[in-house]
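Positions are given from 1 along the sequence.
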Amino acid sequence: MSASTSPGGFLKDQQSTERPLWREAFVGLDWLALRSSPVYYGLGVPRGDGSAVVVIPGFLGTDIYLQEIYSWLRRIGYRPYMSRIGWNAECINTLVERLSETIGKARLETGGKVHLVGHSLGGVLARSATALTPERIASVITLGSPFRGIRSHPLVLQAGERIRARIHRKNGHNQPDCYTGYCGCDAVVAVQRGVPASIPQSAIYTRSDGIVDWRVCVTDDPATNFEVTGTHVGLVFNASVYRLVAERLQFSRNETE
């Protein structure tokens with residue numbers, strides 16, 4: 001086993017990959033198709049049971065752009081929560097700690113386990129939180145999340161390096177591996193450990209992803225991987241994704257009954 005690979009198969013190093021970044025310009029088409037789909041209005045999808053669902057933004061994002069899926073989850077019968085992690089451009093351990101506070105609040109208010117839906121890096125945070133406190137989690141769904149290692153477009157990696165430099169300036173250089181796969185913090189180690197088999201998981205991805213290599217966004221179990229067409233950014237505005245989320249939330253409820 002390579003020194004750059006964890007026991008769970010996580011690729012610790014970061015590598016650039018030539019992704020079709022230009023395709024992300026079509027995110028507006030994903031949004032328009034969503035608005036014209038019956039799924040958007042809650043038609044033809046399984047209804048929720050009032051359980052909590054926390055939605056988590058991706059790299060460089062905030063909760064603001066998740067308003068569409070947040071409102072849709074409420075429409076179909078769930079109790080959605082924004083992640084409240086702030087700007088997703090911070091130490092992974094810090095972000096997971098913030099997310100854990102929201103999970104605790106959601107569980108306290110609903111009295112049940114919490115579903116997590118994370119977009120891109122938000123899905124990595126979701127899996128980390130799940131591995132750390134599995135007793136609080138009902139299911140985890142990732143949307144284009146590179147939880148097996150960072151294999152991204154060069155421009156994305158450059159942005160990541162700038163964030164890493166900012167973290168070091170803010171926190172000092174006591175943790176030189178912070179914001180890399182080599183970091184030994186609880187959150188990163190938890191991602192590498194993976195989601196416990198007892199918790200239903202779903203990995204939704206698109207092969208035309210212009211940001212990350214879809215192959216690091218899937219699990220070893222084909223039954224938990226679900227391909228859609230569309231853009232990386234548009235996964236949170238994608239009618240096929242919404243249908244899958246509704247179906248997988250229902251599946252997880254059936255699994256735990």
Side-chain angles (χ1 to χ4, degrees), residues 1 4-14 51-59 81-86 88 90-108 110 112-151 160 175 177-205 212 215-226 245 248-249 251-253 255-256:
M1 180 173 60
S4 65
T5 305
S6 73
F10 181 89
L11 302 167
K12 295 184 177 182
D13 61 330
Q14 298 184 32
S51 56
V53 183
V54 178
V55 292
I56 310 152
F59 178 54
Y81 288 79
M82 292 296 192
S83 71
R84 301 184 66 83
I85 65 171
N88 192 340
E90 181 57 271
C91 164
I92 299 299
N93 212 48
T94 298
L95 294 171
V96 172
E97 287 174 353
R98 294 173 186 170
L99 175 59
S100 294
E101 291 180 6
T102 301
I103 293 170
K105 180 177 185 290
R107 188 175 186 191
L108 180 64
T110 61
K113 292 185 178 182
V114 180
H115 302 277
L116 304 179
V117 178
H119 178 223
S120 195
L121 183 56
V124 177
L125 303 182
R127 290 176 64 92
S128 177
T130 299
L132 288 169
T133 56
E135 70 282 357
R136 303 195 301 176
I137 308 302
S139 71
V140 58
I141 301 174
T142 58
L143 313 178
S145 300
F147 54 82
R148 304 193 70 156
I150 304 302
R151 297 291 185 270
Q175 297 176 305
D177 292 327
C178 185
Y179 217 68
T180 74
Y182 294 98
C183 184
C185 71
D186 291 344
V188 172
V189 171
V191 172
Q192 297 173 7
R193 189 164 64 242
V195 172
S198 59
I199 297 178
Q201 59 177 303
S202 309
I204 301 174
Y205 68 98
V212 300
R215 282 165 290 222
V216 294
C217 302
V218 296
T219 74
D220 288 328
D221 180 6
T224 67
N225 301 322
F226 303 89
V245 168
R248 294 304 289 175
L249 288 173
F251 170 82
S252 66
R253 283 157 38 205
E255 285 289 292
T256 55

Item to check | S83 backbone acceptor or donor facing T102 side chain under 3.5 Å | outcome: yes
Checklist entry - Do S252 and H115 come within less than 4.5 Å of each other through their side chains, counting heavy atoms only? => result yes
Checklist entry - When you measure from the side chain of R248 to the backbone N and O of Q201, does any donor-acceptor pair fall under 3.5 Å? => result yes
Checklist entry - Donor-acceptor pair, S128 side chain versus V124 backbone, under 3.5 Å? => result no
Checklist entry - Do F147 and T219 come close enough that some side-chain heavy atom pair is under 4.5 Å? => result yes
Checklist entry - How about D13 and Y182: do any of their side-chain heavy atoms sit closer than 4.5 Å? => result yes
Checklist entry - Do T110 and S51 touch side chain to side chain, with heavy atoms closer than 4.5 Å? => result no
Next on the checklist: Any side-chain to backbone donor/acceptor pair from E101 onto R84? Under 3.5 Å, distance only.
Outcome noted: no
Item to check | Heavy-atom side-chain contact between I150 and V216 under 4.5 Å | outcome: no
Next on the checklist: Within the 4.5 Å heavy-atom criterion, are L95 and L99 side-chain neighbours or not?
Outcome noted: no
Checklist entry - How about V212 and C217: do any of their side-chain heavy atoms sit closer than 4.5 Å? => result yes
Checklist entry - Does R136 use its side chain to pair, donor to acceptor, with the backbone of S100 at less than 3.5 Å? => result yes
